[in-house]
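Quick notes on the structure that follows.
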Amino acid sequence: MKAATGKEFSQYETMAKIMDSNQAPLFKTTFSGTRCDPLETGKIEKITDTNFLPGKFVYGIMVGMIQELYDYSLEMPIRKHLVLSGNGFRKNKELCKVAEKLFGLKAILSTNLEEAATGASLLIKYIKRK
């Protein structure tokens with residue numbers, strides 16, 4: 001936004017303002033592959049002259065990100081809670097809403113600010129007990 005306007009804007013507030021879910025393109029956001037296929041690439045489908053717009057792209061990318069997580073979650077035996085962690089969710093309330101919609105569950109944000117570090121330290125604590 002700064003490069004385009006010369007002014008600082010909150011990227012999350014801007015995305016929330018322009019997001020448009022109506023007939024957004026479909027994004028597959030496997031930019032760095034998947035767990036099963038590290039060479040898989042992303043793609044955009046259903047793009048038209050009427051949905052080639054920033055707000056529709058923002059929404060489509062968010063859906064693509066959450067769809068990838070949702071598809072992976074189908075391999076898990078039980079899905080009763082939707083616990084979201086990381087700054088991507090903490091700073092982007094719209095991404096949380098997309099996740100809630102796709103999963104059909106109310107999101108719970110992790111209370112830990114450094115989830116990866118917390119998980120690593122808990123794992124070490126667990127290993128040392130054995």
Side-chain angles (χ1 to χ4, degrees):
M1 291 301 293
K2 186 175 181 181
T5 66
K7 298 178 184 176
E8 289 283 342
F9 292 95
S10 164
Q11 60 185 339
Y12 300 108
E13 289 175 19
T14 303
M15 286 189 295
K17 286 179 187 175
I18 68 168
M19 263 181 54
D20 183 359
S21 63
N22 187 30
Q23 298 179 343
L26 302 175
F27 283 78
K28 186 165 187 177
T29 56
T30 49
F31 305 125
S32 298
T34 66
R35 288 173 175 85
C36 297
D37 184 358
L39 300 178
E40 188 173 335
T41 59
K43 62 183 173 182
I44 305 171
E45 295 179 348
K46 308 260 185 205
I47 193 166
T48 68
D49 60 343
T50 59
N51 68 6
F52 192 73
L53 299 165
K56 293 181 185 300
F57 271 50
V58 167
Y59 182 79
I61 290 169
M62 286 188 196
V63 169
M65 292 166 57
I66 300 302
Q67 185 68 52
E68 189 175 350
L69 296 173
Y70 179 81
D71 292 346
Y72 183 66
S73 80
L74 295 175
E75 298 175 21
M76 299 175 189
I78 300 172
R79 290 177 296 143
K80 292 182 180 179
H81 305 283
L82 177 61
V83 179
L84 306 176
S85 67
N87 285 336
F89 289 110
R90 189 169 284 105
K91 293 182 177 184
N92 190 339
K93 301 304 177 206
E94 299 304 316
L95 187 60
C96 292
K97 291 177 187 176
V98 170
E100 287 179 331
K101 182 177 179 182
L102 188 59
F103 277 85
L105 297 167
K106 179 77 175 145
I108 303 166
L109 283 175
S110 170
T111 57
N112 297 308
L113 295 180
E114 295 294 336
E115 292 90 343
T118 301
S121 65
L122 289 172
L123 179 60
I124 290 169
K125 183 178 177 181
Y126 174 77
I127 290 170
K128 284 187 174 184
R129 283 188 192 166
K130 290 192 159 217

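- Residues meeting the side-chain hydrogen bond (donor to acceptor under 3.5 Å, both in side chains) test with Glu94, sequence neighbours left out: Lys97.
- Atom OG of Ser73 and atom CD of Glu68 lie 11.5 Å apart (nearest 0.5 Å).
- Both Leu82 and Leu109 are part of a single hydrophobic cluster, where members link through side-chain heavy atoms under 4.5 Å apart.
- The CD atom of Glu114 sits 11.0 Å away from the OG atom of Ser85 when rounded to the nearest 0.5 Å.
- Interatomic distance, NZ of Lys91 versus SG of Cys96, reported as 13.0 Å (0.5 Å rounding).
- To the nearest 0.5 angstrom, His81 atom NE2 is 6.0 Å from Ile108 atom CD1.
- Atom CG of Leu105 and atom NZ of Lys80 lie 11.5 Å apart (nearest 0.5 Å).
- Judged by distance alone, with hydrogens and angles left aside, the side-chain atoms of Ser110 form no donor-acceptor pair with the main-chain N or O of Leu84 at under 3.5 Å.
- Within a 6.0 Å radius of OH in Tyr126, other residues, nucleotides and ligands contribute 12 heavy atoms or fewer.
- The number of heavy-atom neighbours closer than 6.0 Å to NZ of Lys93, taken from other residues, nucleotides and ligands shown, is above 12.
- Remark: Glu115 engages Arg90 in a salt bridge, criterion side-chain N to carboxylate O under 4.0 Å.
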Could you pull out all donor-acceptor pairs under 3.5 Å where a side-chain atom in residues 13-27 meets a protein atom, sequence neighbours excluded?
residue, atom, partner, partner atom, Å
Thr14, OG1, Ser10, O, 2.9
Asp20, OD1, Asn22, N, 3.0
Asp20, OD2, Lys56, NZ, 2.8

Which donor-acceptor pairs under 3.5 Å do side chains of residues 42-49 form with protein atoms, sequence neighbours excluded?
residue, atom, partner, partner atom, Å
Lys43, NZ, Glu45, OE2, 3.2
Thr48, OG1, Thr50, N, 3.2
Thr48, OG1, Thr50, OG1, 3.0
Thr48, OG1, Asn51, N, 3.2
Thr48, OG1, Asn51, OD1, 3.2

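- The neighbour count for Phe52 CZ, taken as heavy atoms of other residues, nucleotides or ligands under 6.0 Å away, does not exceed 12.
- Note: the hydrophobic cluster containing Leu74 also contains Phe103 (ILVMFWY, side chain heavy atoms under 4.5 Å, direct or indirect links).
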